[in-house]
Amino acid sequence: MTTTSAPRELAPRYDAAAVEPRIYQRWMESGAFTPAPTKPEGAERFVIIQPPPNVTGALHLGHALTAFVEDILIRYHRMRGDDTLWLPGVDHASIAAQFVLDRILAEEGESRQSLGRERYLERMWRFMDETRDFIGEQHRRLGASLDWTRMRFTMDEGSARAVRVAFKRLWDAGLAYRGEALVNWCPRCRTTISDLENIKAEEAGTLWTIRYHLARADGSPDPDAWITVATTRPETLFGDTAVAVHPDDERYASLVGREAVLPFIGRRLPIIADGHVEREFGTGAVKVTPAHDFDDYEIGRRHGLPMVNVFDEEARLTEEAGPFAGWDRYDARKGVVAALAESGDLEGERPHQMVIGRCDRCRTVVEPRLSVQWFIRTKPLAERAMASVRERRTRIMPAHFEKVYNHWMENIHDWAVGRQLWWGHRIPAWYCPDGHITVTDVEAGPDACDECGRPAAELRQETDIFDTWFSSGLWPFSTLGWPDRTPDLERFYPTSVMETGYDILFFWVARMMMLGLFCTDVEPFHTVYLHGIVRDPYGQKMSKTKGNVVDPLQVVEEIGADALRFALVSGTSPGSDQRLTQARLEGGRNFTNKLWNAARFVLSARPEPMVEPAGEPTLPERWIRSRLAEVTERATRDLDELDLAGYVGTVYDFAWSEYCDWFLEAAKIDLRRQDASPGERTRVWRSLAEVLAGVLRLLHPALPFVTEEIWATLHRVDPEVTRGEELLITAAWPAVGARDAAAEEAMERVISTTRELRNLRQELEIQPAEWRAVTIVAGSATADAVLREAEPYISDLSRSKLTINPPGTGIPEHAAGTALGFAVIEASDAERRYVVDRHERERTELTEQIERVRALLASEFATKAPPQVVQRERDRLAELEARLAGLDEKRAIPRSGYSSRATDRC
RNA sequence: GGGCGAUUGGCUCAGCUGGUUAGAGCGCACGGUUCACAUCCGUGAGGUCACUGGUUCGAAUCCAGUAUCGCCCACCA
């Protein structure tokens, strides 16, 4: 670390861009991010395994939000002395990585094909080495206190082994199998994709109606008899193996059992009845293409139809398509339609809204494709995963996502885990020439075929790799050493909170639950915290194409990571989207600035010499400490309940509206009093500094940089205030102090009174700089005592030369009511007139209010509401009546004033 | 076709298990050159809590329905 001078003051302006990296460096050097070598005695576990960002990705606001939420929780628990681990990682993201590398290869004049598997993978690893640290670097800039010594990668050795072992166990348990099924195929990525990666949306299409001529006895088409089918995909016609109608559809009843002839190639198609067909749709007759449509596949299976594959892996028509063999699917569509039109068999076409699935990665229209694939049998896994949530062993926040989770789990399909890509974990299955399958978790592969004992040399490994989410699903424990029972696994598993966007609840959270329970017999985390999407100010999703993307790092450069963190976290609510506006960002920046300046004042106000504190604490001192106690309690509770916006808001309000607005101002007055002794000054300053220290501790998880920077100076200036704790990141979370209800109540009245005086001055258009004489007649003995103690504050903060009269002193007509008694302001006749009028209005209002409460108390409310609530209303009525009595009393008194009966208005 | 969520001052959002006069930030109006901060300070205006009905002594809050917006799931070619 560079040696810097050690200033005892803070710079006039907080320069986040300069301070933040320096502070981060200090944290790194302190080792604060890494858990102690052994678990501290009695410490509770708090562990978050970071959702690994894609290795190829640039940091976006979603990552930033995740990092901030997790960092706040980790810092909080670290300060509490819990056994804390936050483990970072990156995901190898098969398809996404391939996508990016393909582009790079294209620039280099190469391609996947030109390189071949081996050289391609070498190139990929080189690419990984170049980009792997990128996202971590960005997280460091955000202030994320991740334990970088435990950095993991879903393609590292540990993950690879976990993948093999998990798959072997699934295979042995009969939960992994290989079979033929219709899967989603992306013709551009040339791989299977999961249901989740197949993004469906309404699109405009065309519905064609086509005549299929009935077959005559010799199999030739009858030119005069036909059945008209409706289709949106004429090009799949070559894969038709039947025509289906509804069993109860009388229009076609006579045709069921006959055959139609497929145009172009003359295949004979049985006309079958199937309940799945909608009579109302199209013509009520549908061509059945089992190899290229999920519905038709089911029909085909029910009726034992042949399944004819007409597309190759790039969705070009195969030899099955006769004259159209080799055509692209969309060219073929046009060609088929044109040919049918020419032959007169195209009956009609009309525009049609339909749902089209596109590849999540490349937006290419997904093609259902019949192929032999590896599957995970998910039903039994899903059962357990649902039970965990139902029985509260894992809690989902917000709770309503439980329904979404259950619904998905209940309707889950088997998971097609194979991908026809190169970059990823290769499925550890070997085939022998006799068709036997051997699955092993041994990296080198099996010695021999499990079934027939053929030697390894004759076995051939599966070329498919796993869906990226398979290794991601093992993440919470593969990162801790599983399948070995490592000390880390023992100490840190299961983890505490899984924080991620609700948009990957199924992709990832659901799979971690299923695989976690299967592999480790325990839920991988206790709480799933789902955050929403960060949108632009108009509620639009951010996207590169819209050009409305906010780059977190740019924001950090401009206003600092703390400010961004404040903006994002104060707007977050689990499960809900938020809009990020300039105003919110400025709010964050302003708050760091406010803190900085408050601290700057505190540091500069330190009296010299510092001596033994002396004297009793003032009302503001007692008040602020009591308030800090309450805020500490609330902030702690908010954090325990994962209400982060609540936590930030609580401390923000306290710091700004109570500490800065009132206590700081009150303390200034005490520190500047001529008659204050050094001991008293020391005491007041200590209160100032200690409460500031309390605020810094409370705020550190939310605004780690600015609080740490202020802390450093505070510690240098007065280590007693920081209790000798040099670094805030490892300082103790504050304990809840004692409350002082009397002080809180009294100070509240002092504040109200001050406000009322300011308000009155403004209404009377008194110049802000002008000091006026004000006499306050205390409303009660208590108020009298409070007034005498608070006189300097009320005076100074309202620019009043204050005189305090005891209760019962005469109250002139132009006195104004305040929380502590009547205030008589030195005034001109016009001003007096104004105050008198003002009080007429007040009197009317008061009378109305009293009427309302009386009516309420006369109603059933009095007998049916809980006694406590009724009592509150009674108390309120008494206070209103007392105030009214005070007003009346005042009016009864001649202007000269004289003593009268005391009334307790306080 | 199912399901979920939202609807609170001009804008963005808080309002827990129903309980006084519904809060905040931004914006707006007025005022502020003193020793933390104009990235600030002070004062103020502004809300039939989407609508209809119900439960209740009492509803922004609970229930039912309606409307609008958004999202998720789904096998009408």
Side-chain angles (χ1 to χ4, degrees), chain A residues 10 12-14 195 200 207-208 229-233 236 244 276-289 293-299 352 354-355 368 398 400-401 403-404 407-408 411 502-503 505-506 532-533 537 539 559 563 570-571 573 575-584 586-605 641 643 645-646 649 652-653 657 660-661 664-665 668 672 755 758-763 765-769 797-798 845 849 852-853 856 859-866 868-870 872-873 875-877:
Chain A
L10 298 173
R13 286 189 106 77
Y14 176 60
D195 291 342
K200 291 166 192 143
L207 186 69
W208 285 275
V229 299
T231 182
T232 55
R233 300 210 55 196
T236 63
H276 174 76
V277 177
E278 291 282 335
R279 273 174 283 182
E280 310 307 319
F281 189 88
T283 61
V286 57
K287 65 190 215 44
V288 182
T289 323
D293 183 282
F294 286 93
D295 295 333
D296 293 3
Y297 180 71
E298 291 303 320
I299 295 177
H352 177 62
M354 52 196 281
V355 175
H400 71 253
F401 270 97
K403 282 188 194 165
V404 182
H407 182 258
W408 189 77
N411 296 293
Y502 64 68
D503 48 339
L505 178 65
F506 306 140
I533 293 166
I559 61 174
S570 64
S573 172
S576 305
D577 295 350
Q578 64 166 314
R579 298 177 190 205
L580 184 66
T581 60
Q582 192 60 32
R584 226 188 233 303
E586 278 168 16
R589 182 200 54 178
N590 294 355
F591 185 43
T592 55
N593 179 256
K594 185 73 179 177
L595 264 187
W596 183 259
N597 281 297
R600 211 155 63 86
F601 167 75
V602 171
L603 286 163
S604 69
E641 290 170 1
D643 178 1
Y652 171 90
D653 286 343
S657 309
C660 289
D661 285 355
L664 221 60
E665 296 305 324
K668 276 181 196 171
R672 285 167 193 165
R755 287 210 166 115
R758 285 170 175 170
N759 173 347
L760 191 61
R761 286 169 57 95
Q762 178 126 345
E763 284 183 42
E765 293 177 350
I766 294 169
Q767 291 303 305
L797 299 176
S798 68
E845 255 173 51
Q849 273 184 46
R852 244 181 288 139
V853 182
L856 181 66
S859 71
E860 281 183 287
F861 171 80
T863 52
K864 296 203 172 170
Q868 268 187 320
V869 177
V870 177
R872 262 211 311 265
E873 289 306 306
D875 293 347
R876 184 164 162 251
L877 180 63

With a 4.0 Å cut-off on heavy atoms, is [X] in touch with a base, just the backbone sugar-phosphate, or nothing at all?
X        : value
A:Leu207 : nothing
A:Phe281 : base
A:Asp661 : sugar-phosphate
A:Arg233 : nothing
A:Val277 : base
A:Glu665 : base
A:Arg13  : base
A:Glu278 : base
A:Lys287 : nothing
A:Lys403 : sugar-phosphate

Separation of [X] atom [atom1] from [N] atom [atom2], in whole Å?
X        : N      : atom1 : atom2 : result
A:Gln762 : B:rG44 : CD    : P     : 8 Å
A:Phe506 : B:rC71 : CZ    : P     : 15 Å
A:His400 : B:rC71 : NE2   : P     : 15 Å
A:Phe294 : B:rC76 : CZ    : C1'   : 16 Å
A:Trp408 : B:rC4  : CH2   : P     : 20 Å

Aromatic contact between A:Tyr502 and A:His400, with the criterion being ring centroids under 6.0 Å apart: yes or no?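 Aromatic pair excluded; centres sit 6.0 Å or further apart.
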
Which base sits across from B:rC16 as a Watson-Crick or G-U pair, both distances under 3.5 Å?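 Looking at the geometry, B:rC16 pairs with no nucleotide.
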
Just the atom pairs and distances: protein N or O near nucleotides 6-13 of chain B's N or O, under 3.5 Å.
from	atom 1	to	atom 2	distance (Å)
B:rU12	OP1	A:Arg579	NH1	3.1

Taking only the [atom1] atom of each, what is the distance from [N] to [M] in whole angstrom?
N      : M      : atom1 : result
B:rG53 : B:rC11 : P     : 26 Å
B:rC26 : B:rC40 : C1'   : 16 Å
B:rG10 : B:rG5  : P     : 27 Å

For B:rA77, take OP1 and OP2 only and decide whether either is under 4.0 Å from a side-chain N or O of A:His352. yes

Answer with yes or no whether A:Lys200 presents, from its side chain, a donor or acceptor under 3.5 Å of a partner atom in the base of B:rA74.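 A donor-acceptor contact between them is absent.
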
